[in-house]
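See structure below.
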Amino acid sequence: MSAEQDVRQLRLQKLARLRELGHDPYLFEDFPQSHTPAEIHGRFADLEGAEVTVAGRITALRKMGKAAFFDLTRQGERVQVYLKKNDVGDTLWNVFNLVDIGDIVGVRGEVFRTKMGEVTVHVRDLSVLAKCLHTLPVGKEKEGHHWYALTDKEERYRRRYLDLIANEESRSLFVKRSRMISVTRRFLEERGFMEVETPVLQQDAGGAAARPFETHHNTLDLDLKLRISLELHLKRLIVGGFEKVFEIGRVFRNEGISTRHNPEFTMLELYQAYAKMEDIQALVEDLCREIAVRVFGSEKLEVGGVTLDFSKPWQRIDMLSKIETEAGVAPSEFETLKSAKAAMDRLGLPSEDESEVGSIIEKIHERFVERKLIQPTFVENFPIETSPLAKKHPTNPRLTRRFEGYMLGREFCNAFSELNDPIDQRARLELQAAQLAAGHHEANPMDEDFLYALEIGMPPTGGLGIGMDRLAMLLSGAETIRDVILFPTLRPEGRD
RNA sequence: GAGCCGGUAGCUCAGGGGUAGAGCAACGGCCUUUUAAGCCGUGGGUCGUGGGUUCAAUUCCCACCCGGCUCACCA
């Protein structure tokens with residue numbers, strides 16, 4: 001007996017026998033519970049001898065003739081249950097003998113402590129609430145050491161429900177991710193931000209440098225794209241008079257998949273009227289500290305051997321100055337395309353396809369600076385060519401009032417004082433549209449309605465975008481973005 | 001897209017040109033305070049898919065599929 005299909009047949013037979021005994025698991029609609037496993041342990045002094053009800057999945061089963069112990073696991077918490085034939089009678093004993101590891105059961109019984117000292121529920125009644133028809137990869141565990149957990153990454157991603165059952169670290173990571181987003185939402189609401197929802201389906205997807213997914217509306221016979229950012233609609237709302245808005249939503253980018261990229265991911269964007277870049281920096285500092293404290297319990301987080309310190313102001317660095325110290329390229333070398341390409345050649349980076357100084361600056365920054373930004377850091381003064389929606393720097397028209405946030409050598413946010421000059425914005429979008437027409441799939445399309453909105457008048461505004469998956473990854477120490485996305489995008493399993 | 005690594009029982013893995021092994025899980029038996037429960041016994045595999053070489057391929061070769069990592073892409 002081992003082929004998984006045989007196990008399934010056998011368990012279906014057990015299910016049939018349960019029904020013959022008048023115990024149909026699928027007739028139960030609820031199971032009120034008096035305590036969680038953690039409460040039973042934590043309040044043992046009060047509960048000893050008292051009756052409790054608790055339900056969960058059976059994750060271990062130790063039968064000993066006419067008695068048995070089993071573990072019930074619920075929401076990552078575990079409690080041991082003891083059952084013996086004399087206490088429950090023949091019928092319930094027969095029911096119990098049709099139970100397997102993986103089944104979901106509810107029990108009623110009194111709390112006691114075993115000879116070995118473990119707090120345990122002594123069963124008087126037991127209800128099978130769902131049969132598990134397959135062998136469950138639960139593994140075993142003692143003193144924090146695990147045996148035989150589900151480790152195959154492909155299986156964990158494709159069948160996340162098994163991963164969540166088998167790997168407590170995975171379960172708790174997704175709880176943390178959820179709390180991060182919850183804390184973020186509350187943080188913004190407390191500061192007067194209003195949450196809004198803007199269209200996912202758009203005729204032209206702009207606001208970021210990315211290639212969109214394409215789809216089609218049948219009735220309208222209209223080709224549509226999935227959004228690549230939230231930016232342009234949120235700024236329309238600032239024009240409309242909402243002064244603090246945010247959206248936490250899915251965006252879609254039709255690009256390669258890697259440990260840091262999933263085609264769909266969760267973006268937070270917020271816009272605050274009458275605020276500038278520095279105000280947004282303070283907000284990011286406050287938000288990260290809030291998340292660190294309220295989700296992870298401290299202003300200082302141990303991640304991958306590093307202590308991330310959110311208790312003090314972040315370091316601010318100038319992009320070009322840092323490139324000079326880390327890569328040895330002087331700001332003056334970025335004055336012409338020719339000298340910038342020469343600098344790239346000197347650093348061993350391919351320069352043939354480069355047509356803009358700004359792009360070269362960012363590539364050198366990514367290659368030589370980014371990975372060194374371990375503690376929370378803001379990089380300021382991005383080149384104008386790669387920042388088509390940001391206000392110009394007041395004294396250097398080749399730079400913008402834009403910054404990105406980094407920690408652990410990775411980017412996680414992007415923000416700027418928003419460009420609200422409709423004439424300048426038109427010129428920059430025309431340049432983008434020309435690049436798009438020339439085959440740069442990631443360039444921004446022209447958006448006449450957005451420009452019309454700016455012509456109505458947008459107050460000076462600070463904006464921010466945070467990749468919430470990236471942030472979850474960084475703060476939790478996850479190795480890949482797939483570990484913080486419940487169902488990451490994978491190729492379909494080949495039926496070959 | 002390129003390179004490297006991997007895919008063997010439900011899970012975690014070993015093996016290796018001659019019809020495949022372990023632990024856990026499963027099945028049968030014993031066991032009324034166990035906890036990686038224990039003891040005795042049993043079954044379980046298209047070795048990712050398809051070709052090729054060979055008397056013989058799970059093993060060697062080629063192609064493909066899926067995954068992982070690194071790089072590229074991500075202005």
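Note that the structure is predicted; figures quoted are calculated from it, not measured. Each chain gets a letter, A, B and so on, in the order its sequence line appears, and its residues count up from 1.
Summarising the geometry, the separation between CD on Q9(A) and C1' on G43(B) is reported as 17 Å, rounded to the nearest angstrom. Regarding N254(A), its CG atom lies at a distance of 15 Å from the C1' atom of G1(B), rounded to whole Å. Across the protein-nucleic acid pair, R159(A) atom CZ and G10(B) atom P stand 11 Å apart, rounded to whole Å. Rounded to a whole Å, the NE2 atom of H440(A) is 13 Å from the C1' atom of C73(B). Rounded to an integer number of Å, the gap from NE2 of H261(A) to P of C69(B) is 13 Å. The distance between atom CG of L150(A) and atom C1' of C13(B), rounded to the nearest whole Å, is 14 Å. Atom CG of L98(A) and atom P of C27(B) are 11 Å apart (whole Å). Per the geometry, NE2 belonging to H134(A) stands 14 Å off C1' belonging to A25(B), to the nearest Å.
In terms of modelled atom types and a separation under 3.5 Å, the side chain of E39(A) and the main chain of F44(A) share no donor-acceptor contact. In terms of modelled atom types and a separation under 3.5 Å, the side chain of T266(A) and the main chain of D469(A) share no donor-acceptor contact. For T53(A) (side chain) and R108(A) (main-chain N/O), no donor-acceptor pair under 3.5 Å exists by modelled atom type. In this structure, T73(A) contributes its side chain and G76(A) its backbone to no donor-acceptor pair below 3.5 Å.
Nucleotides G45(B) and C11(B), compared at atom P, are 14 Å apart to the nearest Å. When the C1' atom is compared between C24(B) and U19(B), the two are found 26 Å apart, to the nearest whole Å. Taking atom P in both A25(B) and G10(B), the straight-line distance is 16 Å, to the nearest Å. Using C1' as the reference atom, G51(B) and G41(B) are 44 Å apart when rounded to the nearest Å. Here, A56(B) and C65(B) have their P atoms 29 Å apart, quoted to the whole Å. With both ends at atom C1', the span from C39(B) to A14(B) equals 26 Å, rounded to whole Å. Remark: the separation of the C1' atoms in C30(B) and G68(B) is 46 Å, to the nearest Å. Taking atom C1' in both A22(B) and C60(B), the straight-line distance is 26 Å, to the nearest Å.
Salt-bridge annotation for E448(A) and R426(A): present, with a side-chain N of the basic residue lying under 4.0 Å from a carboxylate O of the acidic one. With salt bridges taken as basic N to acidic carboxylate O contacts below 4.0 Å, none links K391(A) and D421(A). The residues E168(A) and R78(A) are annotated as not salt-bridged, no charged nitrogen and carboxylate oxygen being separated by less than 4.0 angstrom.
R482(A) has a side-chain polar atom (N or O) that falls below the 4.0 Å cut-off from OP1 or OP2 of G68(B). Of the side-chain N and O atoms in K115(A), none sit less than 4.0 angstrom from OP1 or OP2 of A37(B). In this structure, R156(A) does not reach the G68(B) phosphate: none of its side-chain N or O atoms is under 4.0 Å from OP1 or OP2. OP1 and OP2 of C11(B) both lie 4.0 Å or more from every side-chain N or O belonging to T135(A). The shortest distance between the side-chain N/O atoms of S258(A) and the OP1/OP2 oxygens of G68(B) is not below 4.0 Å.
Remark: S359(A), K363(A) in residues 332-365 of chain A come within less than 4.0 Å of RNA chain B through at least one heavy atom. For the segment residues 60-91 of chain A, the set of residues with a heavy atom within less than 4.0 Å of an atom of RNA chain B comprises R62(A), K63(A), M64(A), G65(A), K66(A), A67(A), F69(A), Q80(A), Y82(A), K84(A), N86(A), in numerical order.
Contacts of H365(A) classified as ring pair (Phe, Tyr, Trp, His ring centres under 6.0 Å), with partners at least two apart in sequence or in another chain: Y406(A).
With hydrogens and angles ignored, a donor-acceptor pair closer than 3.5 Å exists between the side chain of T114(A) and the base of U34(B).
Across the strands present, G38(B) finds its partner in C30(B); the criterion is a Watson-Crick or G-U wobble pair with both atom distances under 3.5 angstrom. Applying the Watson-Crick and G-U wobble criteria (two distances, each under 3.5 Å), G23(B) pairs with C11(B). Under the Watson-Crick or G-U wobble criterion, with both distances below 3.5 Å, C4(B) is paired with G68(B). Base pairing analysis places G43(B) opposite nothing; no Watson-Crick or G-U wobble pair with both distances below 3.5 Å involves it.
Contacts of L490(A) with the nucleic acid, taken as non-hydrogen atoms under 4.0 Å apart, involve only primed sugar atoms and P, OP1 or OP2. No engagement by A443(A) is indicated, since no non-hydrogen atom pair under 4.0 Å with the nucleic acid exists. Contact annotation for F112(A): base contact, defined as any heavy-atom pair under 4.0 Å involving a base atom.
Checked against G67(B), C69(B), C27(B), the side chain of R491(A) finds its nearest nucleotide in G67(B). Counting only heavy atoms from C-beta on, E118(A) has its side chain closest to U34(B) among U12(B), A26(B), U34(B). Distances were taken from every side-chain heavy atom of R158(A) (C-beta onward) to each of G67(B), A25(B), C13(B); the shortest belongs to G67(B). Taking the side chain of K140(A) as heavy atoms from C-beta on, and the options G68(B), C69(B), A37(B), the nearest nucleotide is A37(B). Among the nucleotides A75(B), U34(B), G68(B), the one closest to the side chain of M116(A) is U34(B). Set against C74(B), U34(B), U12(B), the side chain of T120(A) has U34(B) as its closest nucleotide. Comparing C24(B), G68(B), C11(B) by their closest approach to the side chain of E155(A) singles out C11(B).
Counted within 6.0 Å of CD on Q203(A), heavy atoms from surrounding residues, nucleotides or ligands total 12 or fewer; the atom is thus considered open. Around the CZ atom of R159(A), the shell of radius 6.0 Å holds no more than 12 heavy atoms that belong to other residues, nucleotides or ligands.
Considering R158(A), R171(A), R156(A), R482(A) as possible partners of D163(A), the one that fulfils the salt bridge (Lys or Arg N to Asp or Glu O under 4.0 Å) test is R156(A). A side-chain hydrogen bond (donor to acceptor under 3.5 Å, both in side chains) with S387(A) is found for exactly one of R402(A), K392(A), R428(A), namely R402(A).
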Side chain to side chain contact (heavy atoms under 4.5 Å, CB included) between E442(A) and Q435(A), worked out: CA-CA 9 Å; E442(A) 299 84 11; Q435(A) 291 178 358; over 6 Å; no
